[in-house]
Structures are given as structure tokens and as C-alpha cells.
Number of protein chains: 2
Amino acid sequence: MNERNPTLRERQREETRRAIQTCAVRLFTDRGYDRVTVAEIAEAAGVSSMTVYRHFPTKEDLVLVEQPVRHIAELVASSPASFPLVRRVGSALVDAATALTRREVDEPAAGERFLLDCLRLMIATPALRARHLDSQYAMQQAIVEALGEDAADQDDAFLARAAISACLAAMHMALTRWAEDDGRTPLPDLITRALTASFGDTAVVRRPGS
Amino acid sequence: MNERNPTLRERQREETRRAIQTCAVRLFTDRGYDRVTVAEIAEAAGVSSMTVYRHFPTKEDLVLVEQPVRHIAELVASSPASFPLVRRVGSALVDAATALTRREVDEPAAGERFLLDCLRLMIATPALRARHLDSQYAMQQAIVEALGEDAADQDDAFLARAAISACLAAMHMALTRWAEDDGRTPLPDLITRALTASFGDTAVVRRPGS
DNA sequence: ACCTACATGTTAGTGACTAACATTTGGGGG
DNA sequence: CCCCCAAATGTTAGTCACTAACATGTAGGT
């Protein structure tokens, strides 16, 4: 009863979740992450503090953007193994960013504004920035796992982890730049350029339209 | 009165600082970071909780390894500007790691064991890992600043940041591998291999003895 | 119309961290 | 040698993120 057929309870739950997160990001943007208490967020959203924690495990999770970890890992794993690893990961990241941005084009960019607000908070707040960087570490783990390399030689896995982490670090800077630029430059382009600046032409396939 | 001529008060202060940190890392290693309270650390070190906070701003700082940020930034800035950026950063990281490891060889590796303990805690504890990753973000900022590129075109600075972050991410994996391997493989070698796996031969000068 | 399970509220507690004030003690000046 | 200042530490009271336990109300199927 949860496949494309949300019951009333599920709709209500999702509604309060959205209300909490929206209030939180607005308050954080107005007064700064550290100067807003969870109790204030709860009050603004018309719920109790406990309900906030039932929807978001920590205060930081109110802002963290959930990345399509599994999707990206599968993209990498399904790419031709003959390509250099940085290109396989780079292409997956560009594709994921393209999909993410295209989704926003249909709507009147309401979701994109929210995403940009979250990213700006993440850049400005040390605690959030740290959490986000660690989530990329988790993505690296997922990609290595999807590649099935960690069962093989521990040393190969190490080199793969290094290359993947480097790619993700470059993408993180692209995300940062995207937010600082207020989303004016297309995110896939920024990622492509960040990867090229780091890895040269091995990273991405040169496309004519760029 | 603090240049190579520590007064009694300064020696005592340094002594309590060391005692606190030593007790903390031992307790963390024994029972896990989350299962040790600051009050327990203070008691084990024979001081009050407040004194712990006077020496270490947060509980996390008890474990975080202070990296020679300024030194590395200067190393990068003083390297030939004609080299690709990843090589400039990579060489600086390898040199810094060499210096760090050589220092340990003279002593009976007591400092190295402590460093390895800290790194292991950092790898195992999400909060510490996140903080450490963010400290690399700070190092990236310092390097860009030392290069003086952030006054120039904002777009060049973005590409530089991406490349530097990628290098640091590769080094982070080398650090992780070093700790997992219990320091058996020389750290500079691990960094060199991580950089080569990510960036190819542009990253480091090929040395005959490697 | 009942019954169960889920979403939420309430309360009491832990632990990291801060601010303010009190106390000791090292170190320089008389 | 004593005295005074300042640095280091202790003490206390408080804020806030987060958890556990129990209570309540309501949706959704029987």
C-alpha cells in the first residue's frame, strides 16, 4: 500500500515532514544554522520537538541533501570496464547531475531553489559541510562495493578508492561553485570542467556541444 | 619567554595537555569514541572537565591530528608554476609525508603509534572522519590562498580548488590505508601510488627508486 | 462499530559545551 | 624575601541536541 497509492496517513506524514524541513531551512537561512534551536523549528512547523527527531535523526539531516548513492554506484558499475576509472565515475556523476537538473526544468524551479538554499547552508556551516563530505565518503564506499573490487586484492581496492574519492572531491567543488553562482551555470558543465581540470582528458569524453 | 625557553608554567600546561590527550585516545581506543564522556577523560587525567575544554575546544579535537597546513601551502606556492597543479600539490604532500615519517624514525616510534591510533579512531568514528575531511577542505582553502589565485578570475580559482581537493582526497585514502596497514607501508609511497592511480603520470615525478 | 498499529505528544534524563565567578600558584617587581 | 599580578584551574549553573519510556489520539481494516 505504498506503491504510488499513498494512504491518508502517509500523505499526512509526508506533509508534516515537508513542513518541518521547509521551516528549518527558512529559519537557518534567516538567522544561521547555529542560532536556531530544534524547539524553534518544531514550534514554527506546529509540531513537538520529538516529532522533528522522528522525521530527521539529527538537526544536520534537516539540511543534508540525499544523494542518489545507489543510482550513481550502479551507473559506474554498468559502465564499460575498459574505461579508466576516473572516466567511469566522472561520466556517472555528470549523468546524475544532468538527470537531477533536468527534473527541475519541468517545475517552476521551486525544488531547485530549495536545493540551492540547502547547499548554501552546507557551504557556510562547518558542521554541515563536514557531514556532507563524509556522505561522499559513504558514496565512495558504495561505488567500490558496486564494482566488487573490495573482495579482490586489498591493494587494488585502495587505488580504486583513491581515484573515486578524488572524483567526488572535484564534484563537491562543482556543487559548491554551482551554489555560489546561484545555479546560473549548468551543473553538468561545472562538473565536467572540474573533472577536466583535475584529471585532464582521461576524465570525460569530450563532447562537441561543450 | 616562549621561544625555546619554556617557563615552568608553560611546561606544566603542556604536560596536562599531553596527559589529557593521551588518556582520551587510550579510553577511546578501549571503549569507542561515543562510549567515553569528557568527564571520564578529565577524571582519568586528574583534572576537571572544564580544563579539558580549556585545552581542546571540542571532544573531537582530542583526536584530530593537526596538519602542517601552512607548511604544505608554502611548499605548493614555492614549487615551479609551470608544473601542472596536481603535480605541485602532489609533490608537496609527498614531501610533507616524508618529513613527518622521517621525524618518527629517530624516536622509538612512540609518536607514530599515537598518530596511528588517532587515525584509526578517525576512520572508525563518523563524527571524527567528517571533521577530518572538513579540515582538508580548510587546507584546500589555504593552498588556494597561498597561490594567490582567488584574487584572480573566480572561475580559475574554482578549477584550482577542484584539482587541489581531488589531490587531498587521494591523500586521505592513502592516510586511511596507512593506518589500516598499521604503518607498515611507507606513507610517501602510498601517497604517490594514490596520486598516480588518480591522475596518472601528471601527478608525480617518476623516481627511479620507486 | 471495534481493534490494532502508527503518528504524535509528554516527561525525564544524559552529555557536550558555555559563561561567570572563585581559587590557587607561578613569576616578576619591590 | 615578600607582594602582587596574571595565568591555570576548579566550581556552579545553565543551554541545547538527542534518547528512552510511556501516554494519547486517530487512520484503516475487520
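Worth saying up front: this structure is predicted, and the values here are computed from it rather than measured.
Figure legend: Lys59(B) and Tyr53(B) shown without cation-pi pairing, the cationic atom not lying both under 6.0 angstrom from the six-membered ring centre and within 45 degrees of its axis.
Mapping Thr51(B) and Tyr53(A) onto DNA chain D by nearest heavy atom places Thr51(B) closer to the 5' end of the strand. When each of Glu60(B) and Gln12(B) is assigned the nucleotide of DNA chain C with its nearest heavy atom, Glu60(B) is the one assigned upstream, toward the 5' end. Comparing Arg9(B) and Met50(B) by the nucleotide of DNA chain D whose heavy atom lies nearest to each, the residue mapping closer to the 5' end is Arg9(B).
Taking side-chain N and O atoms only, Thr16(B) has no distance below 4.0 Å to OP1 or OP2 of dA8(D). For the pair His55(B) and dA8(D), the criterion of a side-chain N or O lying under 4.0 Å from OP1 or OP2 is not met. The phosphate of dT9(D) (OP1 or OP2) has a side-chain N or O of Arg13(B) nearer than 4.0 angstrom. Between Thr58(B) and dA16(C), a side-chain N or O to OP1/OP2 separation shorter than 4.0 Å is absent.
Contact of Arg11(B) with dG26(C) (side chain to base): no donor-acceptor pair of N or O atoms is detected under 3.5 Å.
The stretch residues 19-49 of chain A comes close to DNA chain D through Val36(A), Thr37(A), Val38(A), each having a heavy atom under 4.0 Å from the strand. Listed by residue number, there are no residues of residues 120-138 of chain B with a heavy-atom contact under 4.0 Å to DNA chain D.
Relative to the side chain of Arg54(B), the nucleotides dA17(D), dC17(C), dA20(C) differ in distance, and dA20(C) lies closest.
A salt bridge links Asp61(A) with Arg131(A): the closest approach of a Lys/Arg side-chain nitrogen to an acidic carboxylate oxygen falls below 4.0 angstrom.
The two residues Thr22(B) and Phe114(B) come nearest to each other via the heavy atoms CA-CE1, 4.4 Å.
Note: His172(B) and His132(B) have tilted aromatic rings, judged against thresholds of 30 and 60 degrees for the angle between ring planes.
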